[in-house]
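Some notes on the structure that comes next.
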Amino acid sequence: MAGERILIIEDEVKIARFLELELSHEGYQVELVHDGRKGLEAAMGNAVDLIILDVMLPSLSGMEVLRRLRQSAQTPVIMLTAKNDVTDIVMGLDIGADDYMVKPFAIEELLARIRTALKRSKLLAAAPDVIDLGSLKIDLGQHAVHYGDDLIDLTKKEYDLLKYLAENRNMVLSREKILENVWGYNYFGDTNVVDVYIRYLRIKIDDRYNIKFIHTVRGVGYVLKHE
Ligand code: CA
């Protein structure tokens, strides 16, 4: 699985050299740059699979590198911050960093985060644009749902719920699990809202087209069935 290209933008030579050795040892192809401007050039110019980006850099700060990079590329970025500076971390994540490490860090942890970030970006790249359930098609790019030639008019929540059921088709999902994934961890309502929205979807899809996609599993939750 290794062989991915990792760009390290880090001005502290000792740390940079250490990272280069460790990552090469793991089988990654490593490129090393010591200042922000050259780092941005390297990030834009070459095919890079992941970037390790120090925040405090000469010529162009890590934040500025990230900001400019994100205008055109979604290459995964793991930020390195010198101290536990929450403002830096929040700003970096807002601008589009995928993850961060606070120095000093254990190399094993950085390696684990690199693996996670690479895996996530591969999944994103490989993710289909359309979930195909026969006559029912969910266009993830357009946020549109079609049944045959009909465009089904769904609210944002109905769409999110249908998408979640479809992504986990043939799996029984509890109301709690649906609530957590579609409404979020911070949703304080009760699980009845799931039943209400399932009913909306059934009216708009199952009942309207006289099909049975969404099945109730008594006492447990729901499953969208599609072979
Ligand atoms: Ca630095």
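Counting starts at 1 for both ligands and their atoms, in listed order.
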Inset, instruction - Under the side chain to side chain donor-acceptor pair (under 3.5 Å) rule, collect the residues that match up with Tyr147, sequence neighbours excluded. - result: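 Partners of Tyr147 by the side chain to side chain donor-acceptor pair (under 3.5 Å) criterion come out as none, since no residue qualifies.
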
Inset, instruction - Apply side chain to side chain donor-acceptor pair (under 3.5 Å) to Lys177 and list each qualifying residue two or more places apart in sequence or on a separate chain. - result: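 Checked Lys177 against side chain to side chain donor-acceptor pair (under 3.5 Å); zero matches.
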
Inset, instruction - Would you check, one step at a time, whether the test side chain to side chain contact (heavy atoms under 4.5 Å, CB included) holds for Arg17 with Leu19? - result: CA-CA 5 Å; Arg17 182 75 190 132; Leu19 289 177; over 6 Å; no

Inset, instruction - Give the other cluster members for Leu123, using side-chain heavy-atom distances under 4.5 Å between Ile, Leu, Val, Met, Phe, Trp and Tyr residues; answer none if it is isolated. - result: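 Hydrophobic cluster check, Leu123: no partners found.
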
Legend entry - Between Tyr164 and Trp183, ring centroids under 6.0 Å: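 No; Trp183 has its ring centre 6.0 Å or more from that of Tyr164.
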
Inset, instruction - Establish, from distance only, whether the side-chain atoms of Asp195 and Tyr222 form a donor-acceptor pair under 3.5 Å. - result: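 Per modelled atom types, Asp195 and Tyr222 side chains form a pair under 3.5 Å.
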
Legend entry - Protein N/O/S atoms closer than 3.0 Å to the Ca ion (ligand 1):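 Less than 3.0 Å away from the Ca ion (ligand 1) sit Asp11 OD1, Asp54 OD2, Met56 O.
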
